Amino acid sequence: MTLTAEDVQPDAVVDDPAPAAPRWTTPAFWALLVGTGVLYLWGLGSSGWANSYYAAAAQAGTQDWKALLFGSFDAGNAITVDKPPAAMWVMGLSGRLFGFNEFTMLLPEALMGVGAVAVLYLTVRRTSGAYAGLIAGLVLALTPVAALMFRYNNPDALLVLLLLVAAYCTVRALDASTVRRMTMWMAWTGCAVGFAFLTKMLQAFLVVPGLAVAVLVAAPFGVWKRLGALLVGGATMIVSAGWYVALVSLWPADSRPYIAGSTDNSLLQLAFGYNGIERIAGNEGGGPGGGGPGPGHGFGGGGMNLFFGGDPGIGRLFGASMGAEASWLLPAALIGLVAGLWLTMRTPRTDRVRAGLLLWGGWLLVTGAVFSFMAGTVHPYYNVALAPAVAALVGIAVAQLVARRESWVPRIVLAVMLAATGVWSFLLLNRTPEWWPAIRWIVLVGSIVVAVLLAVRAHRLGRAAVAVVVATVVVGLGGSAAFSIYNVASAHNGPGTMSGPQKAGGFHFGGPGGPGGPGGPGGRADSPELEAMLKSADNRWAAAGIGSMSVSDLELKTGTSLMSIGGFAGGDPSPTLAQFQQYVADGQVRYFLADSGHGGPSWHRTGSAGDITAWVEKTFTKTDVGGTTVYDLQSPRS
């Protein structure tokens, strides 16, 4: 198989179906999707409930329609999770359709991963050809953080899929034959971004500059018509996100759950505060890595800095915390972006290859800059939002450079991209030197050898072309693929997780012994006696505890509604002491679960959570049930 210039041409003309691509691309595309499906579905559910915080909300959504609508943590609708509910809708509906368990909860996430690879291929193909699309899809599928988060129940899987749909619609707008069709496709772009806002709020908007620049530069119409299409896209974005914001605002506050993470029970305050400006500015509280997860939400100590992204700065994406997630081909993507813009600088304004570079380059640079310099809460798995842009830029650049391999400059750039990937992969793998030590040397030596071969003989490979392509894929993606396979083969759980084997000096948050995992602060050992007691309660809430980590696993095991006082980590001002006292007086909550004996975080004794704890301890009788201190709220102290 020899790649020709025709192979890297865009496969779509204005608004018409794509002309015939090389025959080998169709079976290759389906093989890519099948392989991705096998990888992401293999052993799905082996991590149990993964993030039990979101799992409990998904379970609540299968038990109560209002809980599903608002993304409530509990079926009694005391408080929501600290994100908008779109991801909970998907998992909750899957549980309602197929029965709720670990597999059916994570099935939509894995399918979204396959869908993301497909949409990325289709998007890149329309601007840069099928060859570029296949490379991009393969790189995305084998990015460690993608193999992690498309098998996990955090909102990021849906976020990435929706943003890729927005990119696809934008590219279709660039292909439009009429202003009306361009505007229609930009309206769909806005709709996808709006629903992405309902998945993870302001993070959805980080890709908007790249999408907008591509349309402003490359759409085949006058500047005012381009601006008009962008305005329509902005309007539909506001509508597709705003309908739910309006619903929450207009719904009587006393008949819906409290919006967790907000200070005033407002979705907008959550978006622009805890999940917005505070994440960037870093005034959430004193957590590791330059900012903890909010007042009373931080954890201190050593390796926890890894979980919170490390120190802000230009090197954060390559650092000990984030490097193994999505940076394996980041140097190659940056080199490819510069090379691609150089190769297309003399092309017409509407050139679609350059438009694709502007779109994905804007996505990568804006998102990467925010992740690098934000001083608030940032977790390594956020990098899944960077993975599509890295993959697309690598695919586009490689296809364009190979098509121009008769010239020595493209060959040198291609060789530099591969050598840089091999060297950086070696350094990443060297951070876990005891894990498969031979891989890093195979990748390093192999990449340098193949890079030299490409620089010298890429235009005269002849029958050896297939072997060189295979070798390039093996050494270029070897490290990334190894970590992806590790992620699939290993269990991950807790509020967050990281790719690859444990790093020296750190640990995986939520893993065995880590916070939020078995034996961590707030965690509870299995107790059949306690579980039976909760199942026997027929109150609106069988029990209440401080923070989600004290009750989420019990809620999942028992299927009962448990109140998480103070939201995720106990710091939210809900319920107030007066509200909780009224719930108790009305018989709506039966038991209060005290700290599980692991020295719960200090905020358990401050604010609303502290007031409630002190009142319960003073007012009601306590007993020990399976190692947990339980207060019977129907049994006052004499």
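Note that the coordinates shown come from a computational prediction; the quantities given were computed from them, not determined experimentally.
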- Assess whether atom CD1 of Ile314 is packed by more than 12 heavy atoms of other residues, nucleotides or ligands within 6.0 Å. no
- Note on the structure: Residues Ala157 and Met149: closest non-hydrogen pair is CB-O, 3.8 Å
- Can you find a pair of side-chain heavy atoms, one from Leu267 and one from Met201, that are under 4.5 Å apart? yes
- Message: side chain to side chain donor-acceptor pair (under 3.5 Å) for Tyr631 and Arg590? Distances and angles first, verdict last.
- Response: CA-CA 9 Å; Tyr631 291 84; Arg590 178 61 191 272; over 6 Å; no
- Message: Quick check: do Val370 and Met374 have side-chain heavy atoms less than 4.5 Å from each other?
- Response: yes
- Query: Side-chain contact, heavy-atom cut-off 4.5 Å: Leu633 with Tyr591?
  - Reply: no
- Main-chain N/O of Ala147 paired to Ser484 side chain as donor or acceptor, under 3.5 Å: no
- Query: Distance from Asn265 atom CG to Ile79 atom CD1, nearest 0.5 Å?
  - Reply: 8.5 Å
- Taking atom types as modelled, find out whether Ser47 and Asn493 have a side-chain donor-acceptor pair closer than 3.5 angstrom. no
- Item | Partners passing salt bridge (charged side-chain N to carboxylate O under 4.0 Å, His left out) against Asp624 (at least two apart in sequence or in another chain) | none
- Could you check Thr558 against Glu531 for side chain to side chain donor-acceptor pair (under 3.5 Å), going step by step and ending with a plain yes or no? CA-CA 6 Å; Thr558 62; Glu531 294 167 21; over 6 Å; no
- Partner residues of Arg151 under the salt bridge (charged side-chain N to carboxylate O under 4.0 Å, His left out) criterion, sequence neighbours left out: none
- Stepwise, does the ring pair (Phe, Tyr, Trp, His ring centres under 6.0 Å) test hold for Trp615 with Phe620? CA-CA 8 Å; Trp615 176 72; Phe620 297 98; 5.2 Å; yes
- Message: Pair Leu386, Leu364 - check side chain to side chain contact (heavy atoms under 4.5 Å, CB included), show working.
- Response: CA-CA 6 Å; Leu386 287 172; Leu364 176 64; 3.8 Å; yes
- Say whether, by atom type as modelled, one donor and one acceptor occur between the side chain of Asn153 and the main chain of Trp49 under 3.5 angstrom. yes
- Query: How far does CZ of Phe98 sit from OG1 of Thr62, to the nearest 0.5 angstrom?
  - Reply: 14.0 Å
- Query: At what distance, to the nearest 0.5 angstrom, does CG of Asp254 lie from CD of Gln579?
  - Reply: 9.5 Å
- Does the Glu325 side chain pair with the main chain of Met498, one donor and one acceptor, at a distance under 3.5 Å? no
- Message: Nearest 0.5 angstrom please: Leu554 CG to Thr628 OG1, how far?
- Response: 7.0 Å
- Item | Residues that Tyr258 engages under side-chain hydrogen bond (donor to acceptor under 3.5 Å, both in side chains), provided they are two or more places apart | none
- Query: Is Arg316 positioned over the aromatic face of Phe371, cation under 6.0 angstrom from the ring centre and no more than 45 degrees off axis?
  - Reply: no
- Message: Before you tell me yes or no, could you show the steps for Phe568 and Val81 under side chain to side chain contact (heavy atoms under 4.5 Å, CB included), namely the whole-Å CA-CA distance, both residues' side-chain angles and the distance that decides it to 0.1 Å?
- Response: CA-CA 7 Å; Phe568 170 65; Val81 293; over 6 Å; no
- Output yes when a side-chain donor or acceptor of Ser552 lies under 3.5 Å from a complementary backbone atom of Ala56, and no otherwise. no
- Task: Decide yes or no for Tyr381 and Ser499: does some side-chain heavy atom of the first lie under 4.5 Å from some side-chain heavy atom of the second?
- Result: no
- Nearest heavy-atom approach of Ser564 to Ser548 is OG-N, 3.0 Å
- When you check the side-chain N and O atoms of Asn154 and Asn51, is any donor under 3.5 Å from an acceptor? yes
- Task: Test Leu270 against Thr263 for side chain to side chain contact (heavy atoms under 4.5 Å, CB included), laying out the working first.
- Result: CA-CA 8 Å; Leu270 174 65; Thr263 58; over 6 Å; no
- Item | Thr623: partners by side-chain contact (heavy atoms from CB on, under 4.5 Å), with sequence neighbours left out | Val625, Val630
- Query: Can any side-chain N or O of Gln63 pair as donor or acceptor with the backbone N or O of Gly559 at less than 3.5 Å?
  - Reply: yes
- Message: By the side-chain hydrogen bond (donor to acceptor under 3.5 Å, both in side chains) test, which pairs, at least two apart or in different chains, include something from residues 238-247?
- Response: none
- Check ring pair (Phe, Tyr, Trp, His ring centres under 6.0 Å) between Phe70 and all other residues, then give those that pass, not counting sequence neighbours. Trp251
- Any chance you could lay out the side chain to side chain contact (heavy atoms under 4.5 Å, CB included) test for Met563 and Tyr583, step after step, and finish with the verdict? CA-CA 11 Å; Met563 179 188 293; Tyr583 290 143; 3.8 Å; yes
- Is a side-chain donor or acceptor of Ser490 paired with a backbone partner of Asn487 at a separation under 3.5 angstrom? no
- Measure the NZ-CG distance between Lys557 and Leu530 for me, rounded to the nearest 0.5 Å. 9.0 Å
- Item | Contacts of Ala110 that satisfy side-chain contact (heavy atoms from CB on, under 4.5 Å) - sequence neighbours left out | Tyr40, Leu41, Leu44
- Query: Distance from Leu562 atom CG to Leu556 atom CG, nearest 0.5 Å?
  - Reply: 9.5 Å
- Task: Pick out which of Asn539, Val584, Val589 makes a side-chain contact (heavy atoms from CB on, under 4.5 Å) with Gln634.
- Result: Asn539
- Item | Check: Phe195 and Cys191 side chains under 4.5 Å, non-hydrogen atoms | yes
- Task: Flag the pair Val207 / Val366 as yes when at least one side-chain heavy-atom distance between them is below 4.5 Å, and no otherwise.
- Result: no
- Pairs satisfying side-chain hydrogen bond (donor to acceptor under 3.5 Å, both in side chains), at least one member in residues 66-78, at least two apart: Asp64-Asn77, Ser72-Asn77, Asp74-Trp541
- Got Ser266 and Val248 here, is their nearest side-chain heavy-atom distance under 4.5 Å? no
- Task: Please report the closest heavy-atom contact between Pro155 and Lys83, naming both atoms and the distance.
- Result: CG-CG, 4.2 Å
- Query: Going by the angle between their ring planes, with limits at 30° and 60°, are Tyr382 and His379 parallel, tilted or perpendicular?
  - Reply: perpendicular
- Item | Qualifying residues under side-chain contact (heavy atoms from CB on, under 4.5 Å), relative to Thr621, sequence neighbours excluded | Ser635, Arg637
- Task: Name all pairs fulfilling the side-chain hydrogen bond (donor to acceptor under 3.5 Å, both in side chains) condition that reach into residues 85-99, sequence neighbours left out, sorted by first residue then second.
- Result: none
- Sequence neighbours excluded, the answer for salt bridge (charged side-chain N to carboxylate O under 4.0 Å, His left out) partners of Lys200 is Asp156
- Query: Heavy atoms, side chains only, cut-off 4.5 Å: are Phe580 and Phe592 in contact?
  - Reply: yes
- Are Trp42 and Phe150 close enough that their ring centers fall under 6.0 Å? no
- Pairing residues for Pro388 by the side-chain contact (heavy atoms from CB on, under 4.5 Å) criterion, not counting sequence neighbours: Leu140, Val160, Leu164, Trp360, Trp363
